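These notes concern the structure reproduced below.
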Amino acid sequence: MVVTRFAPSPTGYLHIGGLRTALFSWLWARKNGGRFLLRIEDTDLSRNSDEALAAILEAFDWVGLDYDGDVVYQSQRFDLYKQYIDRLLEEGKAYKCYMSKEELDALRAEQMARGERPRYDGRYRDFTGTPPEGVAPVIRIKAPREGEIVFEDGVKGEIRIAASEVDDFIIARSDGTPTYNFVVAVDDALMGLTDVIRGDDHLYNTPKQLVVYEALGFTPPRFYHVPMIHNEQGRKLSKRDGAMDVMEYKRQGFLPEALLNFLVRLGWSHGDQEIFSREEMLEWFDPHDINKSASSYNLDKLLWLNAHYIKNTPNEKLAKLLEEFGVHIADHDRMEFLLDATKERSKTLVELADHIRMILERPAEYDPKAAKKAFKGEALSILRAFAEKLESSEGLHLPSDYHKVMETFVTEQEIGFGKLGQPLRVALLGKMTGPGMDEVMAILGVEETVARIGEAIERIGAEQS
RNA sequence: GGCCCCUUCAUCUAGCGGUUAGGAUUCCAGGUUUUCAUCCUGGCCACAGGAGUUCGAGUCUCCUAGGGGUCACCA
């Protein structure tokens with residue numbers, strides 16, 4: 001049985017670094033038919049935010065990561081933690097420390113001044129005297145004083161930390177509330193975690209948590225410390241370059257499958273494969289294959305993946321997704337033509353929506369350069385003749401029908417395709433680029449096509465004569 | 001600063017002692033297209049540096065440099 005978890009603190013939204021470790025954990029649990037748990041690390045009551053929690057759950061829902069059982073809130077388990085703290089106190093594995101914050105600060109300053117590493121000096125470790133008046137004690141756990149703490153990390157290999165690096169850290173604040181490293185270890189053990197996959201900024205917490213496991217007699221899980229994601233300059237990810245709310249990717253028109261595919265390939269690979277369906281991720285993912293080094297966020301690759309997934313998403317589904325971007329074409333009788341004509345030239349749903357609007361709405365203006373170039377010489381008479389040709393044709397429906405009309409027209413007129421295509425493009429779309437004319441006409445229909453040609457002749461022709 | 005981790009094209013990566021160091025994104029060129037995009041073909045581009053070990057090192061060891069993480073009554 002494999003049990004993994006994602007354990008965010010509700011102090012901010014979910015960003016892609018967190019989403020990636022969540023994905024890795026989810027994949028590993030699901031791949032093995034195990035359980036994936038969600039736990040909220042909200043022991044610091046003053047920093048919690050309901051909005052942050054809601055945002056995290058919303059992001060999970062969007063990308064389709066499901067978790068087993070109820071969400072566990074550490075803030076609701078204080079009684080439980082207290083039992084374990086009391087037990088450690090009774091067994092002499094933890095002790096009350098009456099050092100005030102001021103004293104601690106002073107000690108730290110002193111140590112720093114001597115060029116030493118700030119470290120609690122253990123002065124109350126074996127204290128038996130009368131405690132000072134008026135000081136609410138914190139509770140510290142007894143960490144080993146010599147030797148080293150060794151563990152096998154599934155990603156980094158063997159990690160050895162000298163015991164001198166781990167001091168008797170605080171497991172309960174003076175107000176009685178437990179602290180992070182203590183509750184993480186207790187919960188991971190109690191929740192039956194077998195594999196902890198987390199960011200490698202937690203690497204240094206692991207020896208501390210192992211101290212708790214040891215003191216409580218719990219069996220530690222396997223640890224996998226996943227390297228960070230850096231920005232495109234190789235520095236720490238900030239909001240500017242991708243550390244934004246995962247939901248922001250949705251708003252910017254990314255597909256969850258693209259984002260997940262992008263993230264799974266950051267620090268992990270399977271041979272030369274770039275495109276992974278969810279099934280393939282489940283098939284091949286293994287945390288032991290995660291790279292040791294940090295990787296950089298690369299927007300170009302994400303966009304490429306997104307374009308790929310847009311191209312390969314069924315039109316019906318795209319039409320549904322486009323609702324959120326102000327484009328309502330689910331009931332449009334030419335919905336298929338519309339998306340066939342636009343999905344291959346869109347990197348995001350935002351772009352796709354723009355492209356669709358550009359076809360559906362009459363050109364508000366004609367690009368001056370394009371108009372000048374396309375509407376010269378006999379362009380006007382060609383367009384007029386083509387409009388007539390369209391009106392006299394029967395049974396035009398498919399893009400291929402329109403293509404045939406164009407073909408016979410240019411043959412009859414003995415002109416090149418461009419002589420018709422360029423002015424037609426400007427007349428229908430107002431610019432020189434875009435989908436094929438046959439596709440656009442199939443979407444617009446004869447009536448609208450002829451109307452746009454007429455309008456363009458009127459407006460551009462008038463300007464030029 | 002102490003401790004820990006990391007280091008293959010600009011970027012994501014393959015490589016697990018013997019390869020013309022492979023793929024993908026970006027970029028460039030050509031083809032396809034009435035245009036743009038897609039797509040196809042091709043090209044540019046890397047083992048951080050230095051010592052070892054070895055017949056042979058991107059692969060193993062050490063050193064240097066660079067980057068990152070961490071040193072809370074935050075998580």
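A quick note: this is a predicted structure, and the numbers were derived from the prediction, not measured. Naming: A, B, ... by sequence-line order, numbering from 1 per chain.
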Checklist entry - For B:A65, which nucleotide is its Watson-Crick or G-U wobble mate, given both distances must be under 3.5 Å? => result B:U7
Checklist outcome for this item: Considering only heavy side-chain atoms of A:Lys101, the closest of B:A24, B:C73, B:U34 is B:C73
Item to check | Rounded distance in Å - CZ (A:Arg198) to C1' (B:U70) | outcome: 13 Å
Next on the checklist: The test is side chain to side chain donor-acceptor pair (under 3.5 Å); show your working for A:Tyr224 and A:Asp195 and say whether it passes.
Outcome noted: CA-CA 7 Å; A:Tyr224 304 85; A:Asp195 297 75; 2.9 Å; yes
Next on the checklist: As a quick check of understanding, evaluate side-chain contact (heavy atoms from CB on, under 4.5 Å) for A:Leu210 and A:Phe223, giving each step before the final call.
Outcome noted: CA-CA 11 Å; A:Leu210 286 171; A:Phe223 292 101; 4.1 Å; yes
Checklist entry - For A:Pro435, which contact category applies under a 4.0 Å heavy-atom criterion: base, sugar-phosphate, or nothing? => result base
Item to check | Spacing of the P atoms in B:U8 and B:G58 (rounded, Å) | outcome: 15 Å
Checklist entry - Any donor-acceptor pair under 3.5 Å joining the side chain of A:Arg345 to the base of B:U38? => result no
Next on the checklist: Regarding A:His230, tell me which of base, sugar-phosphate or nothing describes its non-hydrogen contacts under 4.0 Å with the strands shown.
Outcome noted: sugar-phosphate
Next on the checklist: I'd like to know if A:Lys156 reaches the base of B:C5 with its side chain such that a donor and an acceptor end up less than 3.5 angstrom apart.
Outcome noted: no
Next on the checklist: Within the 4.0 Å heavy-atom criterion, would you say A:Glu41 contacts the bases, only the backbone, or no part of the nucleic acid?
Outcome noted: sugar-phosphate
Next on the checklist: Quick check: do A:His225 and A:Val155 have side-chain heavy atoms less than 4.5 Å from each other?
Outcome noted: no
Checklist entry - Between A:Asp167 and A:Asn181, which is nearer to the 5' end of RNA chain B once each is assigned its nearest nucleotide? => result A:Asp167
Checklist entry - Do the ring centers of A:Phe262 and A:Phe254 come within less than 6.0 Å of each other? => result no
Next on the checklist: Considering every strand and a 4.0 Å limit on heavy-atom distances, what is the contact class for A:Met437: base, sugar-phosphate, or nothing?
Outcome noted: base
Next on the checklist: So A:Ser293, base contact, sugar-phosphate only, or nothing? Heavy-atom distance under 4.0 Å.
Outcome noted: sugar-phosphate
Checklist entry - Hey, does A:Arg108 reach any base, or is it just sugar-phosphate, or nothing, if we go heavy atoms under 4.0 Å? => result sugar-phosphate
Item to check | Pair A:Phe417 + A:His403: ring centers closer than 6.0 Å | outcome: yes
Checklist entry - Does A:Ser295 get its side chain close enough to the base of B:C12, under 3.5 Å, for a donor-acceptor pair? => result no
Next on the checklist: Applying a 4.0 Å non-hydrogen cut-off, can you work out what A:Met358 is touching in the nucleic acid: base, sugar-phosphate, or nothing?
Outcome noted: nothing
Next on the checklist: Under 4.0 Å, counting only non-hydrogen atoms across every strand here, what does A:Thr43 touch: a base, just sugar-phosphate, or nothing?
Outcome noted: sugar-phosphate
Checklist entry - What's the CG-P distance between A:Asn306 and B:U38, to the nearest Å? => result 14 Å
Checklist entry - Taking atom types as they are modelled, is there a donor-acceptor pair under 3.5 Å from the base of B:G22 to the side chain of A:Asp272? => result yes
Checklist entry - What class does the angle between the rings of A:Tyr81 and A:Phe78 fall in, given that below 30° is parallel, 30 to 60° is tilted and above 60° is perpendicular? => result tilted
Checklist entry - Once you round it to whole Å, what is the distance between P of B:U59 and CG of A:Asn291? => result 17 Å
Checklist entry - Does B:C44 have a Watson-Crick or wobble mate here (both distances under 3.5 Å), and if so which one? => result none
Checklist entry - What is the nucleic acid contact for A:Lys431, judged by heavy atoms within less than 4.0 Å: base, sugar-phosphate only, or nothing? => result nothing
Item to check | Among B:U34, B:G22, B:U11, the nucleotide that comes nearest once only the side chain of A:Ser296 is considered | outcome: B:U11
Checklist entry - What does A:Gly199 touch in the nucleic acid at a heavy-atom separation under 4.0 angstrom: a base, only the sugar-phosphate, or nothing? => result nothing
Checklist entry - Just checking A:Thr433: base, sugar-phosphate only, or nothing, at a heavy-atom cut-off of under 4.0 Å? => result base
Checklist entry - Is the base of B:G1 touched by the side chain of A:Glu116 through a donor-acceptor pair closer than 3.5 angstrom? => result no
Item to check | Mate of B:U70 where both pairing distances stay under 3.5 Å, Watson-Crick or G-U | outcome: B:G2
Next on the checklist: Rounding to an integer number of angstrom, what distance separates B:C4 and B:A10 when you compare their C1' atoms?
Outcome noted: 29 Å
Checklist entry - Separation of A:Leu303 atom CG from B:U11 atom P, in whole Å? => result 18 Å
Checklist entry - Would you say the ring centroid of A:Phe24 lies under 6.0 angstrom from that of A:Phe285? => result yes
